[in-house]
Every structure is written in C-alpha cells, then in structure tokens.
Amino acid sequence: VSRDLRLHLFRTMVLIRRLELKLEELFRDGTLTGSFHSSIGQEACAAGVCAALRPDDVVTSTHRGHGHAVAKGVPLEALLGELFGRVSGASRARGGSMHLHHRASGFLGENAIVAGNMPWAAGAAWARRRLSSDSIAVCFIGDGAAGQGLFYETLRLAHLWKAPCLFVCENNGFAHSMTVEEAFGKPGAIADTARALGIEAEFVDGRDVSKVNETSATLIETCRDGHPAFLECAVFRVRPHSLSDPDYRYRSREAGSEWLEENDPIGRLRRELGRAWTHDLDAIEREVNGAIDEAVKQARSQPRPDPGTALDDVYADPELSVDG
Ligand SMILES: Cc1ncc(C[n+]2csc(CCOP(=O)(O)OP(=O)(O)O)c2C)c(N)n1
C-alpha cells in the first residue's frame, strides 16, 4: 500500500469520524432535528472499499450512510446543506440524513428500507453491463438485510444476469436490538450464505482498513470481469441504533465505548504507521476539522427552499442516462 493511499485512507476515516461527532453535537443541541444513525466504528469499511473504486463506479447505501457518501466523494457542503435543510443540500433539502443522493459523485443514494438499495445497485450494475461499460456498482448493506427476501432475490438474479455489483455487508453485530449471532450465527456466516448462492464472497476484519481495501480491490476485479461479488466486514455499532434508541435495554451501557477503546480502526492505523507519521496524521486531523467547521458555516448561511418548489424533482427525468 503506497504512502499516498495510506494517507488517503486515514483522511477518509477521520473525515467520517469527525463528521459523525459534529452531527451528534448539532442534533443534541437542537440545531438539527429528527434522528440519525451514526457510523462511528465502521469507518474502515466505507474508506477501504471506496478507495478501490473509480470515479465512474456508483454506490448505494442504507439509513447509516453518511460515511459511504463521504468516502465516495460527496462534498461536505452538499451533505451538510442537506442535513440543515438548505437549497445547497445534495437532495435540495428533500432527503435529509437517510436520503442523500449525489449523482455527480456517483452516489446513487441511501435507502431507509432495509435491503431496499440492493435491487437499485444490481440494476445500475446490470445497466452498465448492457451498455458495455466496465464500471461497477457497490451496494452497502447491514447484516439485517440478510433477513430480507430482497437479499436472496437480488443476489440470485445478479448472479444469473452477471451484474457487476459488489455487495458489501457491514456486520456490526446488531440489526437494531437483534444480535447477528442469534439471527445468522458467527461473523462470516452471511458471506457463506452469499457463496451458497453462487457468488464469490470474502469475509474480512472491518477494523483493518488496508485489508478491507486490498480484499475489495480483488473483488472489484471480479466485478469488472462481469460477475457480482460479496464482502462481509466485521465491524461494530459503537453508538445506539439511532439517537433515540435505548440500547441499554439490550446491551451494556459501555458496550460501544469499550469496543472503540480497544478496536478503533483509526487508532489501529495510527499505531500501525508508527511515530514517523505523527506529524502528517496530525496535520490531516487539523485540516479535516477546519473543513467540517467551514462546511457547517457555509450550510448555515444558505437559504431554505421555497415551499412552492416542494413538488419539483419528485419524478425522475426519463431522459437521464446511467451516467447522467
Ligand atoms: C424493511 C424494513 N424493515 C424494518 C425497518 C426498520 N429498521 C430500520 S433500521 C433496522 C435495523 C437494520 O439493521 P442492519 O441492516 O443490520 O443495519 P444497521 O442499523 O445495523 O446499520 C430496522 C429493523 C426498515 N427500515 N425496513
């Protein structure tokens, strides 16, 4: 892994972490309303996979998708504008936290229906194949998606129709309060299921950003050769399911913070790189903090959309091409 790639992986993870921390602050003080699903602890998965993609590849995501959006290159201004409900938002204030879309970055969007983004991604991948493009689609899902009928239908059809789609399952231990062990068994069991459906599948330690990057790069080659592939990443849901989730009812109050203290993917990369990198990594952290503060300021300064435009952009323009 080159020096530039390591710095890029570090920066993406720090950007996701700092963004999620800033959002927590803004929701807690009432500046932002509604709820959000934090991806703290899962940064290595978004960063590692997206760093192996090309700009013309596309990504779909879930209700827990800020990290995927940032890693695919959605500008902070568009993301924060959306959360602040401003005209500068990625979905022009129609989407919010769970419905970010940014076609210019190849971010086809989040979907709050568990597994609902799977046919989106497989369809986008299949369209690419039909148009003889070697770009691919990536579909981020949680472990809960494997409990949905869509999971099996989509994987089977993607296999039969050779859709160049990489499905990335972030196994964070829980589907809300249901533990993965109870629903599916040991980590790796979901990758086994995909394999049983005929799909090349790997299972990796989602705390190790270099490993995630390396493994996804190999699977992406499989996709570019015209097949679907599947990656299960073992991560952990550090925060409650959402801001309003009483998680102490089904796990200890300290479960998340204890895990983070011992397993933090950002801390792991820092330790792995060693003291010689400290200066560069500290500079990245400062730059990222500045970029987030600047984007928050910019979002606050933007106007809210005119209520009269509420129905604009509700229906897709049939003239859109797969890349447009
Ligand atoms: C089809 C459907 N069923 C139920 C829900 C309610 N729901 C929202 S998130 C969630 C848990 C999802 O767990 P997982 O897929 O593992 O993702 P995670 O939240 O752990 O990232 C549930 C049950 C939903 N949004 N969609």
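In what follows, every heavy atom counts, from backbone to side chain, and hydrogens, waters and symmetry copies are set aside. For this chain, numbers begin at 1 and follow the sequence in order. Whatever order the structure lists them in is the order used to number ligands and atoms, beginning at 1.
- Near Asn172, the atoms of ligand 1 lying under 4.0 angstrom from a non-hydrogen atom of the residue are 18 (P), 20 (O), 21 (O).
- The aromatic ring centroids of His241 and His63 lie less than 6.0 Å from each other.
- Near His241, with a cut-off below 4.0 Å to any heavy atom, the atoms of ligand 1 are 9 (S), 10 (C), 11 (C), 19 (O).
- For Phe174 and Tyr250, the gap between ring centers is short of 6.0 Å.
- The pair Arg11-Glu285 does not meet the salt-bridge criterion, since no charged nitrogen lies less than 4.0 angstrom from a carboxylate oxygen.
- Within the set Arg64, His176, Arg237, the minimum heavy-atom distance to atom 21 (O) of ligand 1 is found for Arg64.
- Counting heavy atoms closer than 4.0 Å to ligand 1, residue Ala115 contributes nothing at all.
- At the shortest separation from atom 7 (N) of ligand 1 among protein heavy atoms lies Val114 CG2, 4.0 Å.
- Looking only at heavy atoms of the protein, atom 25 (N) of ligand 1 is closest to Ala112 O, 2.9 Å.
- Within the 4.0 angstrom cut-off, atom 23 (C) of ligand 1 has no protein heavy-atom neighbours.
- For atom 13 (O) of ligand 1, the closest non-hydrogen atom on the protein side is Ala175 CA, 3.3 Å.
- Salt-bridge formation is detected for the pair Arg17/Asp264: a Lys NZ or Arg NE/NH1/NH2 atom is positioned less than 4.0 Å from an Asp or Glu carboxylate oxygen.
- Ion pairing between a basic and an acidic side chain is recognised when a charged N comes within 4.0 Å of a carboxylate O; Arg3 and Asp280 show such pairing.
- Ring pair Trp259/Phe236 is parallel by interplanar angle, where below 30° counts as parallel and above 60° as perpendicular.
- By the 4.0 Å N-to-carboxylate-O rule, Glu82 lies too far from Arg92 to be salt-bridged with it.
- Only the side chain of His63 comes within contact range of ligand 1, with a heavy atom under 4.0 Å; no backbone atom does.
- Contact annotation: for Asp143 versus ligand 1, heavy atoms closer than 4.0 Å belong to both the backbone and the side chain.
- A salt bridge does not link Lys162 to Asp225: none of the charged side-chain nitrogens sits closer than 4.0 Å to a carboxylate oxygen.
- At the top of the distance list for atom 14 (P) of ligand 1, counting protein heavy atoms only, stands Gly144 N, 3.4 Å.
- Ionic pairing of Lys22 and Asp293 is present here: one or more N-O contacts between side-chain nitrogen and carboxylate oxygen are shorter than 4.0 angstrom.
- Atoms of ligand 1 found under 4.0 Å from any heavy atom of Ala145 (numbered from 1 in listed order, with element): 15 (O).
- Close to ligand 1: Gln148, with a non-hydrogen atom less than 4.0 angstrom away.
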